[in-house]
Every structure is written in C-alpha cells, then in structure tokens.
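Side chains included, hydrogens not; waters and symmetry mates left out as well; all remaining heavy atoms used. Per chain, numbering begins at 1; letters A, B, ... match sequence-line order.
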Amino acid sequence: MRTRQDHRLERLDDHWLRLPNRWDVPVEICAGPGVPLEPAAVDEALSLLETADTLARLAEATGFDGPEPRITRVVLTPDLHKGAGIPIGTVLETENALLPQAVGNDVNCGMRLEVTSLRADRVRSRLDRLEKRLRHLFFEGGRRVALTPAQREALLREGLPGLLLTGDTPWRGLQPTDADDAVDRAHLPWFPARTAEAFADWIGSAGGASYDSIIGGIGGGNHFVELQYVSEVHDPAAAHAWGLTPGTVVLMAHSGSLSLGHQANGTALDLLRAGWPAGLPRPRNGILPFLPGERTEAARRRYLDAFANAANFALGNRFFLALTMRAGLAAEYGELTSRPLYDAPHNLFWPDGDRTVHRKGATPAGGHAETAGGPHALWGEPVIVPGSMGASSFVLRGHGNPRSLASACHGAGRRVPRGATARGGDAELDAFLREFRIVTPLDHRDPLVARRSDVMAAWRRDLKQEAPWAYKDIGPVVSSLAAGGVATPVAELRPLLTVKG
DNA sequence: ATGTGC
C-alpha cells in the first residue's frame, strides 16, 4: 500500500524522507511508502525547529559566551504522531542545550523484556486460572509491595542496585537474580541522583515498611504487561543467543515513572520560567531550553537530580511489574526462571560532553560501537517494538545507524488521535475482548469499585483509545526499520495474555 | 501519560 505523501516531505530513497526547513537542520524520517504520517505531527516537528531561534535569542539576552547552542539533527521514527508540543517519535540532537520537553513528561517510560523457561502450550492450557490470579495481583489489592522509607530513597538515588543493597527486599519469596542485576546496572550509566528532595513526600510517607500505593502499578494509556510466545524466528543465530526459540514464553512490560516523571518535568518548567530573562518573549512553541553555564547551574542540577530520581523509579517499577507477573506464573505453573533480556528507555536523554541526544517516544538501536564491552556487543542492542493490543510484537537488533541517531521506533504508532476514539466502536471493542485475553482494571462506573482504595479502576473510554484500530499496522513500520538500515528483525512474538493498565 | 479530565 502506498499512502499519499505530505507535500512538505521530500523522499530520499525507498525508506527515508527529509523535512526541508529554513534553519537547515537535517531532519530525516525513516518510513517506507506504506507508513502513514500524520500531517499534524509534521506541523509539530516544524514548530519544534523554531527552538533554533529560541536558543540564539536566549544566548543573546543572557550574554551567554560559551560555545553556540544549536540543534544539530532531528530524526523522526516511523511511528511518529502528534504529542504535546513535540511529536512522539522524535530524536533530537543538540549541542550546548538541554530540552526537558524533548523527553516528555513520562521520564524513562520504557520496555522490559524477559525470557521465561515456560512453553506456550503449557501456559495456554491454564489461561483461565492464570487470568484470575493476575487480576487479583495487579488490580485487586494483591500487589502490596512493601518498602521502607530508606528503601524508597535508595531506589530513587541509586536505582534498583541501590535498593537491593538496602536491607531485605524479598517480595513474596522472590528475589532478583544476577541477570536482573546486570540489566539494571547497565541501564543508567549516565548520572546518579544526588538528592531526592522533590519526592520527599513519597519517601517519607510511612514510618516503617508499608505497602506502596504507587510502585508496582502499570499506569494507563498504552502501558501494559503481556505474556507472549515466540511465533517466528527471523534471525536464527541472534534468536538462539537471546533464548528466543519458537514456543518460548516471554514477558513484556511497558510502563513509565507514573507521577514522578511528571513532577520532575514540572519542576524543570517552573525553574525555566522563573529564570527566563525579563523582556525576552516566551517562545511561541512553548519549548524552554537550559543553556550550560553558571547562570543556570543550580536549576539544571535540581532538574537533573529529579530526572534521575524519576528514571531510577521507572526502571525499578518495571522490575516490580515483571516480579508480579513472575509471581502469578509461579503460582500457576510452579517453579520457573525469567531472565531479563533488556530494559529499553523510550523517554530519556544522554548528555555526552557538549552533545545531548534526547529521545521522546523512541528507543535506542545501538550497534557494535554503542554496545562495545557489554553483553550485546556481538548482536547489537535488542530493539523491542510492540504492536497494538492483540497484534504481534517484534524483537530486532540495532545497527547503530548514525543517520537514525542509533534510534528506532517504540511501537506501531497511533493512527487515530486519542480524542477521536471516544464515539462509537463499542461493538468492535466487545468483539475484540471476546477474541483476545485482556485483563483490565475493574469498571470505574461500578459504585462499589470506585469507593475501594485497594482496587484499580479504569474507564472503558481509556481502553477504546488503545483499541487495535487506533494504531498503525506494525508490518510496514518494522519493514521500514529493516530496509532503512536501523534494526533488523530477530523474532516475532504473539500475545497470549495482556494485562492492560 | 497522569490515581482518575477542561
């Protein structure tokens, strides 16, 4: 299928497009002819580029005498769609500038993939019983992760490795493994958090160990925890190395930093507004950057600490989500192993000297250079691309393509805006729910449910926003990544059971 | 996307 091309885009070859702009910033999109691109998202990308002017004006107004702050490259992924100010599916490379909004509110939203010792036929044989267990564990008060204030603080400051060193943290008799430790240590190499002051309320909310109302929650929107099985192998050598043999059951968790990332981003915007030079108009696109230097040092440091705290929390939360799923599986099928293959961040930046790569709704796809010395040096970075509910997901291996800023898409991409899914579609949703095994929170319209604080409730309207027809077909999206030299498929995964936040 | 709408 060929979709009509946006007149502002120029096709470079079969799988790359260019967005010409008056700032001469290289803006490239990896998308084949079968991938629809939302015009509103292209509008938003052009509006983002006005930040090039903001950087120049801010530097002048503040007498900034360091090296020129600039946008050096933008990559838009094939799952591009309109976000709040900056498109979801944007990779932004800057020099001498940091843009909190280019990672978005949900700091370190990401994807964890674990390879279990279970086989699909065994899991399939008792899905009814497993479903009941998971509904209880995730939504009906069965989660109950107990952490002391010291443990909460350690999680924020030093991530999961820090938490594991702070007293006993067994949960339902399950302990993290060496593989967890290796994945979690590899995840956050950039800057440890110094202070958790922004989250003092959450840390200090109990005297002793108490059950946590936040950690272990899935979140909403497109977040989920899913059991899948390997249905097809596309790259036998890499699949074998990663344990992705046909019929193997895997666990996928997509979740973010819940309320913590929002608080971190809010802190950044408050600080940026407070420090904005008097007399300089605020930018039309609403995007406020940090420039380096002493003038902004204190504010930047406070933001980076809150950012790292939220990022650490998100990684830890995905670990707890996996642990919850492991607990359900162990209760139903007996002892098992579940080894994390990867935990990939979607919303994050990496300052590296003067250069910063920001990703908002995009996933790293490093090759040999980016993974050198690590466990994935041989095959490249695992790239996890989930399809919409009920559809296949893919695991690919990254090629570190500099054209893509070593980045790939983080999903199939929304086709219908959230707001446009409210009307109709109820019969289709019912049919979908009969066909696929989707474990959802309890119905929020039920007055008995709404009054109970120990259960999760959700609206049907939210579920409709995540219906399969609201998303693009994942096939052309994955083909674009492969043909565009970004990442190549290793294995295809089909859903067995989805726990939907 | 957010412990639950402007």
* Check: Phe313(A) ring centre within less than 6.0 Å of Phe199(A) ring centre -> no
* **Phosphate OP1/OP2 of dT2(B) contacted by His223(A) side-chain N/O (<4.0 Å)** => yes
* Whole angstrom is fine here: how far is it from CH2 in Trp202(A) over to C1' in dG3(B)? => 15 Å
* Asked: Taking atom P of dT2(B) as reference, at what distance in whole Å does atom CZ of Phe313(A) sit?
  -> 11 Å
* Asked: Taking only N and O in the side chain of Arg461(A), is any of them less than 4.0 Å away from OP1 or OP2 of dT4(B)?
  -> no
* Asked: So which nucleotide from dA1(B), dT4(B), dG3(B) ends up closest to the side chain of Ser259(A)?
  -> dG3(B)
* Starting from P on dG3(B), measure out to CZ on Arg143(A) and report it in whole angstrom. => 11 Å
* Structure fact -> Rounded to whole Å, the CD1-P distance (Ile218(A) to dT2(B)) equals 11 Å
* How many Å lie between CD1 on Ile86(A) and P on dA1(B), as a whole number? -> 15 Å
* Sugar-phosphate, base or nothing in reach of Gly256(A), heavy atoms under 4.0 Å -> nothing
* Take atom CG of Leu258(A) and atom C1' of dT4(B), then tell me their distance rounded to the nearest Å. => 13 Å
* Taking only the side-chain heavy atoms of Asp106(A) (C-beta and beyond), determine which of dT4(B), dG3(B), dA1(B) contains the nearest atom. => dA1(B)
* To do: Specify the separation, in whole Å, of atom CG of Asn265(A) and atom P of dT2(B).
  => 14 Å
* **Face-on cation placement of Arg415(A) at Trp469(A) ring, 6.0 Å and 45° thresholds** => no
* **Contacts of type ring pair (Phe, Tyr, Trp, His ring centres under 6.0 Å), residue His376(A), not counting sequence neighbours** => Trp242(A), Tyr342(A)
* Asked: Atom CD of Glu466(A) and atom C1' of dT2(B): how far apart are they, to the nearest Å?
  -> 13 Å
* To do: Please list, chain by chain and in numerical order, all residues satisfying side-chain hydrogen bond (donor to acceptor under 3.5 Å, both in side chains) with Arg461(A), sequence neighbours excluded.
  => none
